[in-house]
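All remarks here apply to the structure that follows.
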Amino acid sequence: MSRLEELKTRIREALPGLECVIGWQKGYDALHNTPLFMRSDADVDKLEWGALNVHNPAVYLPTMAGKKVGVVVKGCDSRSVVELLQEKLIDRDNVVIFAAGCEGVVDLSKVKARLAAAGASAGNAQTVTTDGKTVSVTAGGKTVAMPMAEVCADKCLRCQFPNAVLADAFVGAPAPQPVPSPSGNADLDALDAMSVDDRMAFWRYHMDRCIRCYACRNACPMCVCRDHCIAQSREPHWLSQEDSVTEKLMFQVVHAMHLAGRCTECGECQRACPMDIPVLALKKHLNRTIHDLFNYQAGVDVAAIPPLLQFKLEEDNIKERGW
């Protein structure tokens, strides 16, 4: 039995006791899978598993607090579930986690670029197949084979958790532990090499394109206070709706600080951005600082408390008294 069929079997067994199970289904064309909310066997039949399952379904869990639901996760998605549990934003007794080993997901912008270079149009995509190492897309009668390593999402290049860190039902053999690629942190390396002035110019250039749609915020599983976001609040009135680079950069910095030590680097903020702004780099920079100061990695241990959500009289790596 394939992993997908085994997932479907396990979901069907659990479904009578659940409000729904969140997963993925085929989307509006061959290149897109979209979120699926399974409430019947007919819904379960639509479930997809593979390289097109780019969305992080954990984003929906806080909105379903109080209901017993299931969620199908990749390794990176499971870290978001763990972080939500750590912060008591969801109840462990109300969440059933289904998982399988993940060989990575595609970055559709990379796939479209490869198709264009081969003289094929993504809009004509008819079928997509993958074996974990190669992604083959048939578009307009032409089949283009692409190495997964060249079209995968950047987060997959630095993946440490191809298997769920927490699961109630894990199907199939675990995915092998990948060897992180140095290019997985090319964004941070490039920023580190810049002077402070050049770095500010970099961010001002990118933030000038921001349309303040807040897709980055809405796609983030950990940004749960969006109904009371300071970007749209007048009490306190920290930000205006002014269409200036300064205000847009301020929002992104506040958003990054809000996620410091909480961000699992699932990459949904950057994937959802319609203007291709590299907002994930801000979160990764702060995550690196949190790791260096507190030796903490978000979404790995359910029993752990994020360092900025607790208080200690003395931090091991912060010598406030000068010794």
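Every value quoted in this text rests on a predicted model; they were computed, and no experiment measured them.
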Is the backbone N or O of E5 less than 3.5 Å from a side-chain atom of S2, with the two atoms forming a donor-acceptor pair by type?
-> yes
Are V95 and I22 connected in the hydrophobic side-chain network, where two residues link if heavy atoms are under 4.5 Å apart?
-> yes
For N287 and E265, does a side-chain donor sit closer than 3.5 Å to a side-chain acceptor?
-> yes
For G101 and F170 the tightest heavy-atom approach is N-CZ, 3.4 Å
Heavy-atom side-chain contact between K155 and C76 under 4.5 Å = yes
Taken to the nearest 0.5 Å, the spacing of C263 SG from L280 CG works out to 6.0 Å
From CZ (F161) to CG (D77), nearest 0.5 Å | 13.5 Å
Say whether, by atom type as modelled, one donor and one acceptor occur between the side chain of R79 and the main chain of V300 under 3.5 angstrom.
-> no
Does the distance from a Lys or Arg side-chain N to an Asp or Glu carboxylate O, for K8 and D41, drop under 4.0 Å?
-> no
Assess whether atom CE of M250 is packed by more than 12 heavy atoms of other residues, nucleotides or ligands within 6.0 Å.
-> no
Kindly indicate whether the side chain of E83, heavy atoms from C-beta on, has any atom under 4.5 Å from the side chain of P306.
-> yes
Over all heavy atoms of both residues, which pair between C102 and N163 is shortest? Give the atoms and the distance, please.
-> N-OD1, 4.5 Å
Could you tell me whether a side-chain N or O of Q86 sits under 3.5 Å from a main-chain N or O of A304, the two making a donor and an acceptor?
-> yes
Could you walk me through whether K248 and D243 pass the salt bridge (charged side-chain N to carboxylate O under 4.0 Å, His left out) test, one step at a time?
-> CA-CA 7 Å; K248 292 184 282 194; D243 185 33; 3.2 Å; yes
Side-chain donor-acceptor pair under 3.5 Å between S244 and T246, yes or no?
-> no
Taking only Lys NZ, Arg NE, NH1 and NH2, and the carboxylate oxygens of Asp or Glu, determine whether K26 and E48 approach each other closer than 4.0 Å.
-> yes
Check: D187 and P278 side chains under 4.5 Å, non-hydrogen atoms = no
Is K133 salt-bridged to E103, cutoff N-O under 4.0 Å?
-> no
Assess R217 against Y214: is NZ or CZ under 6.0 Å from the centre of the six-membered ring, and within 45 degrees of the ring's axis?
-> yes
Output, in order, the C-alpha distance, side-chain angles, deciding distance and verdict of salt bridge (charged side-chain N to carboxylate O under 4.0 Å, His left out) for R262 and E87.
-> CA-CA 9 Å; R262 304 171 63 234; E87 299 181 27; 2.8 Å; yes
Would you kindly confirm whether L286 and L259 end up in one hydrophobic cluster when ILVMFWY residues are joined by side chain heavy atoms under 4.5 Å apart?
-> no
Calculate, to the nearest 0.5 Å, the distance between atoms CG and NE2 belonging to N53 and H32 respectively.
-> 13.0 Å
Distance from K110 atom NZ to L115 atom CG, nearest 0.5 Å?
-> 14.5 Å
Please confirm whether Y60 and F37 have ring centers closer than 6.0 angstrom.
-> yes
Nearest 0.5 Å please: distance from the SG atom of C269 over to the CG atom of N218.
-> 12.0 Å
Student check: side-chain heavy atoms of T127 and V137 closer than 4.5 Å | no
Answer yes or no: is there an ion pair linking D91 with K67, defined by an N-O contact shorter than 4.0 Å?
-> no
Under-4.0 Å salt bridge between R12 and D43 | no
Has the side chain of Q25 got a donor or acceptor atom that lies under 3.5 Å from a matching backbone atom of L47?
-> no
Is I11 linked to W24 within one hydrophobic cluster, defined over Ile, Leu, Val, Met, Phe, Trp and Tyr using a side-chain heavy-atom separation of less than 4.5 Å?
-> yes
I97 with L61, same ILVMFWY side-chain cluster at under 4.5 Å | yes
Please step through side-chain contact (heavy atoms from CB on, under 4.5 Å) for the pair V105 and K74, ending with a clear verdict.
-> CA-CA 10 Å; V105 296; K74 308 182 293 293; 3.7 Å; yes
Less than 4.5 Å apart, any side-chain heavy atom of P162 and any of P176?
-> no
Note, L249 side chain near M200 side chain (heavy atom, < 4.5 Å) | yes
Take C20 and M38, measure what side-chain contact (heavy atoms from CB on, under 4.5 Å) needs, and give me the verdict at the end.
-> CA-CA 5 Å; C20 71; M38 293 169 274; 5.8 Å; no
Quick one: do R92 and D168 make a salt bridge, cutoff under 4.0 Å?
-> yes
Any side-chain donor near an acceptor of the partner, D198 and S195, under 3.5 Å = yes
Could you grab the distance from atom OH of Y296 to atom CG of D301, nearest 0.5 Å is fine?
-> 8.0 Å
Distance only, no hydrogens: is a donor on one side chain within 3.5 Å (strictly under) of an acceptor on the other, for Q177 and Q160?
-> no
E268 (side chain) donor-acceptor with N56 (main chain) under 3.5 angstrom | yes
Nearest heavy-atom pair of A99 and A167: which atoms, and what distance?
-> CB-CB, 4.0 Å
Side-chain contact, heavy-atom cut-off 4.5 Å: K112 with V151?
-> no
Starting from the C-alpha separation in whole Å, work towards a yes-or-no answer on side-chain contact (heavy atoms from CB on, under 4.5 Å) for R271 and D276.
-> CA-CA 8 Å; R271 185 192 64 80; D276 295 324; over 6 Å; no
Test item: T130 side-chain N/O and T134 main-chain N/O as donor-acceptor pair under 3.5 Å | yes
Relative to the ring of H255, is the ring of F251 parallel (under 30°), tilted (30 to 60°) or perpendicular (over 60°)?
-> parallel
Closest non-hydrogen contact found for A58 with S80 is CB-CB, 3.7 Å
Chi angles and distances behind the side-chain contact (heavy atoms from CB on, under 4.5 Å) call for L85, I90 | CA-CA 6 Å; L85 288 168; I90 57 176; 3.6 Å; yes
In this structure, are over 12 heavy atoms from other groups packed under 6.0 Å from M194 atom CE?
-> yes
Going by an N to O cut-off under 4.0 Å, is there a salt bridge joining R3 and E6?
-> no
State, to 0.1 Å, how close A260 and I290 come at their nearest heavy-atom pair, and which atoms those are.
-> C-CG1, 4.2 Å
Closest heavy-atom pair, F98 versus A14, reported as atoms and distance to 0.1 Å, is CZ-CB, 3.7 Å
Heavy-atom side-chain contact between P274 and I211 under 4.5 Å = yes
Decide whether V59 and M222 are clustered together by the hydrophobic rule: side chain heavy atoms of Ile, Leu, Val, Met, Phe, Trp, Tyr closer than 4.5 Å, transitively.
-> yes
Could you tell me whether the side chains of T143 and S136 share a donor-acceptor contact shorter than 3.5 Å?
-> no
So, K284 and N185: side-chain donor and acceptor under 3.5 Å apart, yes or no?
-> yes
